[in-house]
Each structure stands twice: as C-alpha cells, then as structure tokens.
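Presented below is the structure to which this report refers.
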Amino acid sequence: MNQTISDMGSQEKVIRELVEEKGKVFEKFGLTPMQGRIVAYFTICDTPDRTFDELVKYFKASKSSVSSSLNFLLQNKIIDYRTFSAKRKRYFYITDSFFRIYFEKVLENVRELKEYAFKTVSMRSPEHPEVSEKILKWIGNANMFQDAIEKTLAEIRKEAL
C-alpha cells in the first residue's frame, strides 16, 4: 500500500504529538523537557537508533541542548550508543534500564523520608502522641513500600543477567 505525501505528513504530526505527550510523562520522572522528549522519541519511533544530527534535526533544537540531554541520559544509562566500523557517527538507542534507575531513585527518596520522619518523632515531646503516632504509621507504610520496591528491583536485576 502506497502512502501519499499527505498521509506521511499526518503520520509525522501524530508522532510529534505523541513524542510531546509522552515526553511530559517522562518529565514527571525528573527528566527535563528535552530529555523526556528524547526518551519518548526512542520509545515511539520505529528505527531503534538515531545519530546526534538526526536528533538535532528532528527536535529543531540547539546542538548544545540535545548534547547536554544526551550526556545526562548516557550518564544515567537511560540511553547508550554504538558505532559501526565504516561510519564515524555514534548511534544512540534507549536501554532497558529506565525503570530500574527510576525505582532506585524512588527507593533513595523513601529512605531519606524515613530518616527524616524518625528524627522528627525522636524530637517530639510526649505531650501530643497523636502526631507521633501518625508519623510512625507513615514510616510503617514507607517500610511496606520500600520492601515492594526492593523486591521489584531484585526481579529487574535478575532479568538483566
């Protein structure tokens, strides 16, 4: 089945809208708008890898913006790259470690919150135990959440081997 230029243009528009929409979802995970859109782009586009120049052209963004976003995503192992012997370019692609990395950060935040809550309870006077009881309940819930995340991470790590 042949696609008309009009069909290809509307397909491109749909893909751009999806990249924008899904990029905003990735922002909720702590990525910048450009980082989120790059991750979204890799999850949406058919081709598994893209060069730096292709990304700059697609996003119509400055080279420095794309470069700093790629560097962050590389450092955090959300993307990686490969090279081909006949070509001098790096081909970037998404890895399967995004959620593992995200869950590790969530776990770190839960641990920090629990530490803060313990310090808060230890500093409170015994005159109003109802607030301390609520904080201790939060800690109990955080413990359950932490256990679930740790089990999930263990499974993810096992799958990666």
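Computation of the quantities below employed the complete heavy-atom set of this structure, encompassing side-chain atoms and omitting hydrogens, waters and symmetry-equivalent molecules. This is a predicted model, so every value here is computed, not measured.
Within the 4.5 Å cutoff, the side chain of Y58 has heavy atoms near those of the V19 side chain. Contact check for F72 versus T32: no side-chain heavy atoms found under the 4.5 Å cut-off. Considering only heavy atoms from C-beta on, Q35 stays 4.5 Å or farther from N76 through its side chain. Side chains of L107 and L153 form a contact here, defined as non-hydrogen atoms less than 4.5 Å apart. Proximity of R16 to K13: side-chain heavy atoms (C-beta onward) are nowhere separated by under 4.5 Å. In this structure the side chain of L74 reaches within 4.5 angstrom of the side chain of N71, judged on heavy atoms. Side-chain contact between L31 and L73 is present, with heavy atoms from C-beta onward closer than 4.5 Å. Looking at heavy atoms from C-beta onward, E108 lies out of side-chain contact with E104 at the 4.5 angstrom threshold.
How far OG of S62 is from CE of M34: 7.0 Å, rounded to the nearest 0.5 Å. Here the CG atom belonging to L70 is positioned 4.5 Å from the CD1 atom belonging to I38, to the nearest 0.5 angstrom. The line from NZ of K151 to CD1 of I156 is 14.5 Å long, rounded to the nearest 0.5 Å. Of the inter-residue distances, the one linking L55 atom CG with K63 atom NZ reads 12.5 Å to the nearest 0.5 angstrom.
Judged purely by atom type and a 3.5 angstrom limit, R111 has no side-chain atom pairing as donor or acceptor with the backbone of Q146.
Within the structure, the salt bridge (Lys or Arg N to Asp or Glu O under 4.0 Å) test picks out the following pairs touching residues 81-90 (sequence neighbours left out): D49-R82, D53-K89. Listed by first then second residue, pairs satisfying salt bridge (Lys or Arg N to Asp or Glu O under 4.0 Å) with a partner in residues 64-78 number zero, not counting sequence neighbours.
Linking Ile, Leu, Val, Met, Phe, Trp and Tyr whenever their side-chain heavy atoms come within less than 4.5 Å puts I94 and V25 in one cluster. Taking hydrophobic clusters as Ile, Leu, Val, Met, Phe, Trp and Tyr residues chained together by side-chain heavy-atom distances below 4.5 Å, F145 does not share a cluster with Y116. Cluster annotation: Y41 is connected to F52 through the hydrophobic network of ILVMFWY side chains, with a link wherever side-chain heavy atoms come within less than 4.5 Å.
Salt-bridge check for K158 with E155: passed, with a basic side-chain N closer than 4.0 Å to an acidic carboxylate O.
Under the ring pair (Phe, Tyr, Trp, His ring centres under 6.0 Å) criterion, F98 pairs with F26, F29, not counting sequence neighbours. Residues forming a side-chain hydrogen bond (donor to acceptor under 3.5 Å, both in side chains) with K22 (at least two apart in sequence, or on another chain): none.
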Would you sort out whether E54 and K57 count as a salt bridge (charged side-chain N to carboxylate O under 4.0 Å, His left out), showing the intermediate values? CA-CA 5 Å; E54 289 171 327; K57 182 178 178 182; over 6 Å; no
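The hydrophobic cluster containing M123, built from Ile/Leu/Val/Met/Phe/Trp/Tyr side-chain heavy atoms closer than 4.5 Å, comprises no other residue.
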Just distance, no hydrogens or angles: give the donor-acceptor pairs under 3.5 Å from side chains in residues 130-143, sequence neighbours left out.
residue: S132; atom: OG; partner: R124; partner atom: NE; Å: 3.2
residue: N143; atom: OD1; partner: K114; partner atom: NZ; Å: 2.5
residue: N143; atom: ND2; partner: I139; partner atom: O; Å: 3.4

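Closest approach of S97 to T95, counting heavy atoms only: OG-OG1, 2.9 Å.
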